[in-house]
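As structure tokens, the structure follows; a few thoughts come after it.
Just so you know, these numbers use all the heavy atoms, side chains as well, and skip hydrogens, waters and symmetry mates. The residues of the chain are indexed from 1 along the displayed sequence. Quick caveat: nothing in here was measured; it's all calculated off a predicted structure.
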Amino acid sequence: MMEQRHLILVDEQSQKDRLERISKSLENDGVQLIYEEINPNECSVRQGNGDLKLDKDALKSKLQSIRFLSHLDIFATDYNLVDDELKGIDLIAMLYDLLPHYRNQVVMYSAQIEEVITNIITKRAIGFEQQVKMLKLLAQNEINYLSSEGEFEVKFKKLIIKEPDMTIDARLADSLCAIDNEKFKCSIPGYSDKRISEIGKLLLTKGAKTITLKKNITEHIMANITYIQNYE
């Protein structure tokens with residue numbers, strides 16, 4: 001059985017041919033690529049004067065509606081999307097708003113990739129406070145910056161295959177959050193009324209309740225993965 005990788009790619013130009021080539025290449029490595037493309041231009045609405053205007057709420061709703069969003073492995077976006085209305089950093093902000101604790105792969109690509117950071121800080125952020133906000137957004141999770149030319153497909157494929165470097169806490173929380181089904185309940189005493197996904201979300205917060213939960217999970221794991229040799 002092949003491993004699966006789930007990808008969302010945002011670009012105003014279809015990357016179908018590239019994605020099909022990458023997908024076929026990944027199959028040779030035992031990886032099935034499941035992906036969705038989003039074209040922001042499809043979320044534009046006609047104004048009274050006849051001009052088209054991007055509907056960012058509709059775009060965010062489209063992103064939220066993707067069936068595998070909760071177990072997304074890689075999010076990729078072109079940087080230059082809709083003139084001055086929409087940049088790749090805006091899509092990353094949308095992703096983090098929908099998935100505040102997302103820690104898997106993020107890729108931003110552009111033919112002028114060397115200019116992206118400067119553009120974000122000096123043109124997308126106006127004033128000191130917005131610049132600080134942008135810097136925090138960029139630092140929230142590791143972002144991979146790729147040139148859309150040259151060896152893009154080779155480098156992109158490597159990122160799809162690469163497992164993100166996550167702590168045990170983060171990996172456990174990520175796995176639990178992906179099981180969002182009310183029939184799956186927690187077997188740890190004191191938490192049996194909660195969904196598995198609720199346990200995952202609680203793990204990602206801070207405070208006394210989370211500390212207690214981590215302690216209980218550790219005890220539960222220890223009780224289930226250890227045994228005393230030759231004990232009868």
Side-chain angles (χ1 to χ4, degrees), residues 2-44 52 54 56 59-60 62-63 66 68-69 72-99 102-126 130-131 134-165:
M2 291 197 294
E3 287 187 57
Q4 292 184 338
R5 291 289 190 275
H6 298 84
L7 161 70
I8 294 174
L9 185 142
V10 185
D11 202 314
E12 83 285 4
Q13 296 182 5
S14 175
Q15 299 299 312
K16 180 181 177 181
D17 291 343
R18 269 183 165 175
L19 290 172
E20 286 183 350
R21 286 194 297 269
I22 292 171
S23 180
K24 288 179 181 178
S25 178
L26 284 168
E27 286 179 3
N28 296 328
D29 295 310
V31 176
Q32 179 188 12
L33 182 63
I34 299 169
Y35 62 87
E36 289 277 354
E37 283 191 83
I38 295 178
N39 183 343
N41 289 323
E42 295 177 357
C43 297
S44 296
L52 286 173
L54 177 68
K56 290 186 179 180
L59 178 59
K60 187 174 182 179
K62 188 165 187 175
L63 176 60
I66 292 179
F68 55 76
L69 182 65
L72 181 66
D73 295 298
I74 184 165
F75 181 83
T77 178
D78 183 21
Y79 180 68
N80 294 299
L81 293 167
V82 184
D83 296 326
D84 293 328
E85 283 192 85
L86 189 74
K87 298 293 185 183
I89 192 65
D90 301 318
L91 266 298
I92 292 173
M94 283 186 190
L95 174 71
Y96 292 168
D97 190 45
L98 294 172
L99 302 175
Y102 182 79
R103 291 294 180 271
N104 289 337
Q105 302 284 11
V106 176
V107 177
M108 190 149 53
Y109 58 89
S110 171
Q112 296 84 36
I113 195 65
E114 298 87 357
E115 301 173 10
V116 165
I117 299 297
T118 300
N119 185 277
I120 291 172
I121 300 302
T122 62
K123 295 183 179 180
R124 299 300 292 174
I126 301 173
Q130 283 193 19
Q131 288 176 338
M134 281 295 184
L135 287 171
K136 287 182 177 179
L137 180 64
L138 291 171
Q140 183 171 329
N141 188 28
E142 181 182 359
I143 298 176
N144 299 279
Y145 301 90
L146 296 182
S147 171
S148 57
E149 301 176 343
E151 297 184 344
F152 173 82
E153 291 182 26
V154 173
K155 293 178 180 179
F156 192 46
K157 176 188 169 184
K158 288 180 179 178
L159 288 173
I160 293 172
I161 294 175
K162 181 182 176 183
E163 286 282 352
D165 186 11

Item to complete: Tell me, please, which residues at least two apart from Y145 pass ring-ring contact (aromatic ring centres under 6.0 Å, His included).
Response: none
Practice prompt. Just do the side chain to side chain contact (heavy atoms under 4.5 Å, CB included) check on I92 and L138 with the steps written out, would you?
Written response: CA-CA 9 Å; I92 292 173; L138 291 171; over 6 Å; no
Response to the item:
So CD of E114 and CG of N119: to nearest 0.5 Å the spacing works out to 13.0 Å
Discussion item. Nearest 0.5 angstrom please: S110 OG to E149 CD, how far?
Written reply: 8.5 Å
Worksheet item: Do any pairs count as a ring-ring contact (aromatic ring centres under 6.0 Å, His included) and have a residue in residues 6-25, sequence neighbours left out, and if so which ones?
Response: H6-F68, H6-H71
Worksheet item: Okay, side chain of T118, backbone of E115: is any donor-acceptor separation there less than 3.5 Å?
Response: no
Item to complete: Could you walk me through whether Y96 and L137 pass side chain to side chain contact (heavy atoms under 4.5 Å, CB included), step by step?
Response: CA-CA 9 Å; Y96 292 168; L137 180 64; 3.4 Å; yes
Worksheet item: K56 versus L86: any side-chain heavy-atom pair under 4.5 Å?
Response: yes
Worksheet, complete the sentence: Y102 meets the ring-ring contact (aromatic ring centres under 6.0 Å, His included) criterion, sequence neighbours left out, with none
Worksheet item: Of all heavy-atom pairs between C43 and L59, which one has the smallest distance, and what is that distance?
Response: SG-CA, 3.6 Å
Worksheet item: Partners of F75 by ring-ring contact (aromatic ring centres under 6.0 Å, His included), sequence neighbours excluded?
Response: none
Worksheet item: Around atom CD of E151, are there more than 12 heavy atoms of other residues, nucleotides or ligands at under 6.0 Å?
Response: no
Worksheet item: Where do E37 and K16 come nearest, in terms of heavy atoms and distance?
Response: OE2-N, 3.5 Å
Worksheet, complete the sentence: In this structure, NZ of K155 is separated from CG of N144 (nearest 0.5 Å) by 11.0 Å
Fill in: Qualifying residue for side-chain contact (heavy atoms from CB on, under 4.5 Å) with L95, from L99, D97, L91
L99
Worksheet entry | Candidate list V116, L146, D78, test side-chain contact (heavy atoms from CB on, under 4.5 Å), partner M108, passing option | V116
Worksheet item: Rounded to the nearest 0.5 Å, how far does CD1 of I121 lie from CD of Q130?
Response: 11.0 Å
Practice prompt. Give a yes or no on whether the backbone of E85 and the side-chain of D83 come within a donor-acceptor separation of less than 3.5 Å.
Written response: no
Practice prompt. Could you tell me the separation between the CG atom of L33 and the CG atom of L19, rounded to the nearest 0.5 Å?
Written response: 7.0 Å
Worksheet item: Among R5, E27, Q4, whose side chain to side chain donor-acceptor pair (under 3.5 Å) with Q32 holds?
Response: Q4
Worksheet item: L72 and I66: side chain to side chain contact (heavy atoms under 4.5 Å, CB included), yes or no, with the steps?
Response: CA-CA 10 Å; L72 181 66; I66 292 179; over 6 Å; no
Item to complete: Only counting residues at least two apart or in another chain, list the ones meeting ring-ring contact (aromatic ring centres under 6.0 Å, His included) with F156.
Response: F152
Worksheet item: Considering all heavy atoms of both residues, which atom of A111 and which atom of S147 are nearest to each other, and what is their separation?
Response: O-OG, 4.4 Å
Worksheet entry | Exercise: identify the closest heavy-atom pair between P40 and V82 | CB-CG2, 4.0 Å
Worksheet item: Is there a donor-acceptor pair under 3.5 Å between the side chain of N39 and the backbone N or O of S14?
Response: no
Practice prompt. Please round to the nearest 0.5 Å and tell me the distance separating atom CD1 of I143 and atom CD1 of I117.
Written response: 7.0 Å
Worksheet entry | Pairs touching residues 117-126 that satisfy salt bridge (Lys or Arg N to Asp or Glu O under 4.0 Å), sequence neighbours left out | D90-R124
Response to the item:
Minimal heavy-atom distance between N104 and N141, with the atoms involved, is O-ND2, 2.9 Å
Discussion item. For a side chain to side chain contact (heavy atoms under 4.5 Å, CB included) check, start with the C-alpha distance between L26 and I161, then their side-chain angles and the critical distance, and finish with the verdict.
Written reply: CA-CA 8 Å; L26 284 168; I161 294 175; 3.5 Å; yes
